[in-house]
There are 2 protein chains.
Amino acid sequence: MTLALVAQRAGVSVQTVSNALNSPDLLAPRTLARVNEALSELDYRPHQAARSLRTRSSRLIGYGVQPMPAGVSTPVHDDFLHALSDSADRAGYRILLFAASADGEADRYDELLREHSVDAFVLSNTNRGDKRPAWLLKRDVPFVAFGRSWSAREHGDWVDVDGAHGTAAAVGHLVAAGHRRIAFLGWPRGSGVGDDRARGWREAMREHALPTRDLRVSSVNDVDAAREAVAPVLARATAVVAASDTLALGCYRALRDRDLSPGRDVAVVGFDDSPAAALLAPALSSVRQPLREVGRACIGLLMDRISAPGGAAQHVLLPPELVVRESSVPLPPA
Amino acid sequence: MTLALVAQRAGVSVQTVSNALNSPDLLAPRTLARVNEALSELDYRPHQAARSLRTRSSRLIGYGVQPMPAGVSTPVHDDFLHALSDSADRAGYRILLFAASADGEADRYDELLREHSVDAFVLSNTNRGDKRPAWLLKRDVPFVAFGRSWSAREHGDWVDVDGAHGTAAAVGHLVAAGHRRIAFLGWPRGSGVGDDRARGWREAMREHALPTRDLRVSSVNDVDAAREAVAPVLARATAVVAASDTLALGCYRALRDRDLSPGRDVAVVGFDDSPAAALLAPALSSVRQPLREVGRACIGLLMDRISAPGGAAQHVLLPPELVVRESSVPLPPA
DNA sequence: GAACTTTTTTGGATCGATCAAAATTCACCC
DNA sequence: GGGTGAATTTTGATCGATCCAAAAAAGTTC
């Protein structure tokens, strides 16, 4: 099934069929109709390799999957991948998956570019000191990062979830439920994401004229570490906002240690809405990242970048959504 | 960076360089060395589109991501995707991700084939009555399914996890710990995966000369449904093997309802080793699917199929691994 | 109806690799 | 030294779509 066959069938030249596909406004209406008929009768699809060779564009977007460090549950990004593929499809692009090394080596990226296998990249898990953005920027390769580059000076396009907005929403919700002493269980200072979530809590507390003194504790992202870290603050607080569901679970454990019940005695709100959140007893309130929208926005920015390579960097900050469950509302009398 | 440039630098013809890459044994050692030098000095990579156009093979494998029905936690297949990309890479292939509709419509698959965008497919989530295998088989399109086709007659290649082996291992482990009345909490009969897991339990019980009568209960894959379904059997059993972690969690709830403690009073083993399993209190023993190996095997079968399109169908059944945690061993005295 | 635009169609070249077959080089022997 | 056959390298054509420039057709104007 080639253009030539379609052309023969429609009684026109190959170029005319190509025009019918790529710039239909060049054709006389009568001709266009005839070609379109042949096109759909033969159910024609252009041969991607041929098109790609000529136009020097693969219409493929690279996405590197990193090996999951055992135990760390990546915020299920199935949803994200689906949204990414779906939006890309609509824009006439597809996603090329490749195995990226955990440390963000650029080799794989370089290889794909030299092979002309991809036109652009979507990055995720961009951590502080990630060399990929600068590397791509220098080479004028279109890319978007899911996760802003916290290392300030760089300015590539990115889409991110407004963590501060999420923790602030959690505080707002708890305040409305009557809480005043709301603690924050976060990660050690220094991680962009963690500091951002902490900020949301701090600012929201200030806005409600509530004290934050002695209400912030930190722990690495591990259930037992969090359980120990949060213990001392439980005497002073009636609610805890955690920077992740794992930390929130540590908080559950610490409460149980003191024969207190999450939700009933102390309200708890997590972050990420991992699959486990809904399954816990009591079910954990958590802040859900709008992964579908993130995927959509990534493709949107990428298309802008591809069509206007020199344009100013764009940033999209999406608000997450607080999912209220049993852990932050009084349980109904059984 | 084209073959022509490399050829010029090495002082040979274009074809010679191509041969150096594709059939190096055709070249005289001296020439090969010279070409290789030029090749690596210029850091040459073949233009995929050009290669693909000529060889009529994209070296891309299609994988359709389905939209995740909300709430149902897909067995985190991040790991699977990484293994898939990694193994594909090693075989000189890459993964093309596309958004597939939930109901397994073939349109998208057809489109990709007509565009020559992919050479083969990896299917996952093949449920009973899935039309994709038959469709691909009829068209002689190479594919592998993750998950055997339970609908008997079809014979495409597949890789699957031996569910029966997993539940049998759970039974063996429980028997070794002294349990004799071991119940099975499964899904309603009729699902291939569920019946397989049930069979493993039944056969292992028989092998250990243990009774199964009145020890099997079923429920849909929902925590609260499972909680109710498992209740009656708890009086008769000292251990429960569940067909999924969700069901196992329902069992936890049912035990708590009766003031019993999972692990201490009644042992519980789940299936899938979802991220939540390790986080529960007590941590849930569960059967882990070897997703890395599954991914590797999928690519292996696919390569065989591509090189020998007419060969007999191959099947790979991988044993899962029982991960023992607190829920199935006596807790150490605190 | 000639001269000049504007619109539509055509032929030929091109992207960069591989295939098939021809041309060259090499080794060996009489 | 030339002939034979094998090993090695080169030439020319091709995959299928798009770009370019120019030809053909249609439409305007005087």
Side-chain angles (χ1 to χ4, degrees), chain A residues 1-39 42-60 92-94 111-119, chain B residues 1-39 42-60 92-94 111-119:
Chain A
M1 188 49 38
T2 72
L3 267 193
L5 277 173
V6 182
Q8 191 180 8
R9 175 158 191 131
V12 295
S13 74
V14 181
Q15 178 63 32
T16 302
V17 183
S18 173
N19 282 338
L21 289 168
N22 299 315
S23 17
D25 47 313
L26 282 182
L27 297 201
R30 246 177 59 80
T31 319
L32 180 59
R34 199 147 40 95
V35 174
N36 276 336
E37 194 179 346
L39 237 24
L42 295 175
D43 216 358
Y44 170 84
R45 295 271 148 187
H47 191 300
Q48 288 304 324
R51 181 208 277 269
S52 176
L53 176 59
R54 187 59 179 120
T55 63
R56 335 192 101 315
S57 135
S58 64
R59 308 219 129 218
L60 250 36
Y93 280 74
R94 299 233 160 72
E111 209 177 312
L112 288 165
L113 288 171
R114 281 217 307 284
E115 287 178 349
H116 297 90
S117 285
V118 301
D119 294 345
Chain B
M1 188 49 39
T2 71
L3 271 193
L5 276 173
V6 181
Q8 190 179 10
R9 175 156 191 133
V12 294
S13 75
V14 182
Q15 181 62 34
T16 302
V17 184
S18 173
N19 283 338
L21 290 168
N22 299 315
S23 14
D25 47 313
L26 282 183
L27 297 201
R30 249 179 56 81
T31 320
L32 181 57
R34 198 147 40 95
V35 173
N36 276 336
E37 194 180 346
L39 236 25
L42 295 175
D43 215 357
Y44 169 84
R45 293 274 147 185
H47 191 301
Q48 289 304 326
R51 180 206 278 268
S52 174
L53 175 60
R54 186 62 238 230
T55 63
R56 337 193 63 48
S57 135
S58 64
R59 307 219 131 217
L60 252 33
Y93 280 74
R94 298 234 160 72
E111 208 177 313
L112 287 165
L113 287 171
R114 282 219 305 285
E115 286 178 350
H116 297 89
S117 285
V118 301
D119 294 346

| Would one find more than 12 heavy atoms of other residues, nucleotides or ligands at under 6.0 Å from atom CD of B:Q8? | no

| message | Under a 3.5 Å distance rule, please check whether A:R114 uses its side chain to pair with a backbone N or O of B:D43 as donor and acceptor. | response | yes

| B:L21 side, atom CG; B:T16 side, atom OG1 - distance, nearest 0.5 Å | 11.0 Å

| note | CG of A:L5 to OG1 of A:T2, rounded to nearest 0.5 Å, is 4.0 Å

What are the atom names and distances for every N/O pair under 3.5 Å that joins the protein to nucleotides 6-8 of chain C?
unit_1: C:dT8; atom_1: OP2; unit_2: A:L26; atom_2: O; d: 3.4

| field | OG1 on B:T31 to CG on B:L26, rounded to 0.5 Å | value | 11.5 Å

| field | Spatial distance of atom CG (B:L39) from atom CZ (B:R45) [nearest 0.5 Å] | value | 9.0 Å

| query | Could you give the distance from CG (A:L53) to CZ (B:R54), rounded to the nearest 0.5 Å? | reply | 12.5 Å

| remark: Between CZ of A:R30 and C1' of D:dA25 the distance, given in whole Å, is 14 Å

| query | Would a distance-only check, ignoring hydrogens and angles, find a side-chain to backbone donor-acceptor pair under 3.5 Å from B:S58 to B:S52? | reply | no

| note | CZ of A:R56 to NE2 of A:H116, rounded to nearest 0.5 Å, is 5.5 Å

| request: Using five pairs at either end of the helix from C:dG1-D:dC30 to C:dC30-D:dG1, determine the angle between the two local helix axes and round it to 10 degrees. | output: 50°

| note | Expected string for nucleotides 15-24 of chain C under the B/S/- scheme (protein heavy atoms, under 4.0 Å, primed atoms plus P, OP1, OP2 as sugar-phosphate) is BBBBBB----

| field | Phosphate OP1/OP2 of D:dT10: any B:T16 side-chain N/O under 4.0 Å | value | yes

| said: Would A:E115 and B:R94 count as a salt bridge (charged side-chain N to carboxylate O under 4.0 Å, His left out) here? Give the steps. | reply: CA-CA 12 Å; A:E115 287 178 349; B:R94 298 234 160 72; 3.0 Å; yes

